[in-house]
Amino acid sequence: MSQVRVRFAPSPTGFFHIGSARTALFNWLYARHCNGTFVLRIEDTDHERNTPEALRVLLEGMRWLGLDWDEGPEIGGPKGPYFQSERSEIYRAAVEKLLANGRAYEKDGAVFFRIEGERYREYDEYLKAEVEKVRAEPMVFEDAIRGRIERVVDRDFPIVRANGEPVFHLVNVVDDIEMEISHVIRGEDHLANTARHLELFHALGATPPIFAHLPLILKDPAVGKGKMSKRDQGALIEEYQTRHFLAESVRNFLCLLGWNPKDDREVMPIGEIIESFDFPGIQKGAARFDEAKMRFMNGHYLRELPVETYAWFARPILTEAGVIEEDADEDYLQKVLLLCRPKLDLLENLADYSRFFFTRDYPLDEKARAKVGKKADPSELAGELAAAIDAETEAGVAGFEAALEKAANEHGRKAGAYRPLTRFAVTGGLSGPDMGEIIELLGLEEISLRLKKLASAPVEESK
RNA sequence: GUCCCGUUCGUCUAGCCAGGCCUAGGACACUGGGUUUUCAUCCCAGCAACAGGGGUUCGAAUCCCCUACGGGACGCCA
């Protein structure tokens, strides 16, 4: 059996689009599944938008997602160079060959590929001009995902521009031949191009690879129509990097966007995905990106992280948000993180969720204050409870419960009246980590202090 | 305009190729309940789909045809 060689051939634009990432991912998965080779080839023939920064974004995104390539930039390989900008000689040779065997001709300084068949002229509604067309034999191929596809190429097309630069169709096919690519896995937007590519493969005397066209990722209908483009909210991998999504969850989610293992597994380790991944599991219809599900997965992976790793991710986030200092105590940090984790799905929310553990200067949610103040004056309640706590000798939750009981009896209230209030005083809101654990970690003294602070604060009328 | 591809719950999808096991399964979201002082975790329950029409067949989500809708391509962009 011949070696499986697949490639991801992006054009560095300065963005790493979610659709490109998914294409890269599926190529990578297939290569790993088949024990094949994953080639990264940079289609940088468009010199204007091609900058080192654009390449960096791309490679960084690939690495972040864990998509390691076997041949390509920075590591080289036997079929290099892997930048199209460095392969001009190879393209020139291919053009010479086509020119020599009569499948190409020069016109207006450019080189055109000749489609064989009877020629006629026709007004083209789309091009708004009369053009020369060809009655050609249809190109037929078996798409690994969609089955039999048939399409005619009815017009000659340029393969070298008047400025001497080779055109995408040409370089793409030449490189796939030279790099001995066995399977071309790419987006459905290339489906219509495939007939042209097939013409080129044949004219160059090469056996075409197997094609597999992936369904497109569509934008949220609320945003607009059509395939997701780089301008759409949530369309770039960088966005999820900056929002501190775990790469694992983004990758897992992307795997499921257009592929599934045919059983009920969804959150699954990458090794299992690699093992199960194959063309029959790939969807034909386009999919819509659903951030809610990715968030859910992120929460799942977050909860599975070893606490040291979790802290390693969290520390810079909290430092940047001004919640902790660079030298914050690791032990205390880990305790806080563990307390926050059960209900946290996104690291980007961690700062607001945990601020009160590190400072007394946390915002008080006015809605929460209004809610707490519905039955009784918060300041009054806080004062009563603080006094009871100060009189208490036992520490921790036990002491808190005793104080609660005492305050309730003394002032003729239900113990429950103090509970939401305590959370509000201690955290600034009405939701968050388990209150008992907060009390244990912060200590009764601190709880009392925060209650007193609330008791002495001026009461604001809620609007 | 021409050509190509697609269409199962709001979303991602299983089932379709090898028609009966489908009163269509799972997951996210949503709703309700439980746990909880609170809560974004956890547990339970619920909601909700075969685009429409015609055929073939004893029987169709599954096969065939048409229509509608969605998407893509048609560039000296990639």
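So you know, we letter chains A, B, ... as the sequences are listed, proteins then strands, and number each from 1. Just so you know, these numbers use all the heavy atoms, side chains as well, and skip hydrogens, waters and symmetry mates. Source: prediction; values computed, not measured.
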Pairing of [X] and [Y] as salt bridge, 4.0 angstrom limit:
X: A:Arg119; Y: A:Glu132; answer: yes
X: A:Arg103; Y: A:Glu199; answer: yes
X: A:Lys79; Y: A:Glu178; answer: no
X: A:Arg56; Y: A:Glu53; answer: yes
X: A:Glu291; Y: A:Arg243; answer: yes

Send over the distance from [X] [atom1] to [N] [atom2], rounded to a whole Å.
X: A:Phe211; N: B:G72; atom1: CZ; atom2: P; answer: 21 Å
X: A:Lys128; N: B:U2; atom1: NZ; atom2: C1'; answer: 12 Å
X: A:Met297; N: B:U11; atom1: CE; atom2: P; answer: 18 Å
X: A:Asn172; N: B:G75; atom1: CG; atom2: P; answer: 17 Å
X: A:Phe83; N: B:A78; atom1: CZ; atom2: P; answer: 17 Å
X: A:Arg135; N: B:C3; atom1: CZ; atom2: P; answer: 14 Å

For [N], does either OP1 or OP2 sit under 4.0 Å from a side-chain N or O belonging to [X]?
X: A:Lys284; N: B:C4; value: no
X: A:Arg196; N: B:A73; value: no
X: A:Arg265; N: B:A14; value: no
X: A:Gln283; N: B:A14; value: yes
X: A:Arg161; N: B:A78; value: yes
X: A:Lys262; N: B:G15; value: yes
X: A:Asn193; N: B:A73; value: no

Whole-Å [atom1] distance, [N] and [M]:
N: B:C76; M: B:A29; atom1: C1'; value: 48 Å
N: B:C28; M: B:G70; atom1: C1'; value: 23 Å
N: B:G20; M: B:G59; atom1: C1'; value: 7 Å
N: B:C47; M: B:G32; atom1: P; value: 15 Å
N: B:A51; M: B:U38; atom1: C1'; value: 46 Å
N: B:C16; M: B:G25; atom1: P; value: 15 Å
N: B:U23; M: B:U31; atom1: P; value: 31 Å
N: B:C50; M: B:C9; atom1: C1'; value: 10 Å

According to the Watson-Crick and G-U wobble definitions, with both distances under 3.5 Å, which nucleotide is paired to [N]?
N: B:A73; value: B:U2
N: B:U11; value: B:A27
N: B:C42; value: B:G34
N: B:A18; value: none

Compare the minimum distances between each of [options] and the side chain of [X], then state the nucleotide with the smallest one.
X: A:Leu216; options: B:C12, B:G72, B:U37; value: B:G72
X: A:Arg288; options: B:A78, B:A29, B:C12; value: B:C12
X: A:Phe168; options: B:C28, B:A78, B:C12; value: B:A78
X: A:Asp290; options: B:U11, B:C76, B:C4; value: B:U11
X: A:Asp434; options: B:G26, B:A78, B:U37; value: B:U37

Stacking between A:Tyr418 and the base of B:U37 (centre distance under 5.5 Å, interplanar angle under 30°)?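 By the stated criterion, A:Tyr418 and B:U37 do not stack.
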
Does [X] reach a base, just sugar-phosphate, or nothing at all? Heavy atoms under 4.0 Å.
X: A:Leu404; value: nothing
X: A:Asp108; value: base
X: A:Arg423; value: base

Tell me whether the centres of the aromatic rings in A:His213 and A:Phe279 are closer together than 6.0 Å.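 Between A:His213 and A:Phe279, the centre distance exceeds or equals 6.0 Å.
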
Taking for each residue the nucleotide of RNA chain B with the nearest heavy atom, is it A:Val152 or A:Phe112 whose nucleotide lies nearer the 5' end? A:Val152

Taking for each residue the nucleotide of RNA chain B bearing the nearest heavy atom, is the 5' side occupied by A:Arg303 or by A:Asp189? A:Arg303

Is it the case that the base of B:G6 and the side chain of A:Glu188 share a donor-acceptor contact (distance under 3.5 Å, atom types as modelled)? no

Distance criterion of 3.5 Å, no angle test: do you see the side chain of A:Lys293 paired donor-to-acceptor with the base of B:A29? no

Ignoring hydrogens and geometry beyond distance, is a side-chain donor-acceptor pair present between A:Asp156 and A:Tyr105 at under 3.5 Å? yes

Hey, does the Lys NZ or Arg CZ of A:Arg355 hover above the aromatic six-ring of A:Tyr353, less than 6.0 Å from the centre and inside 45° of the axis? no

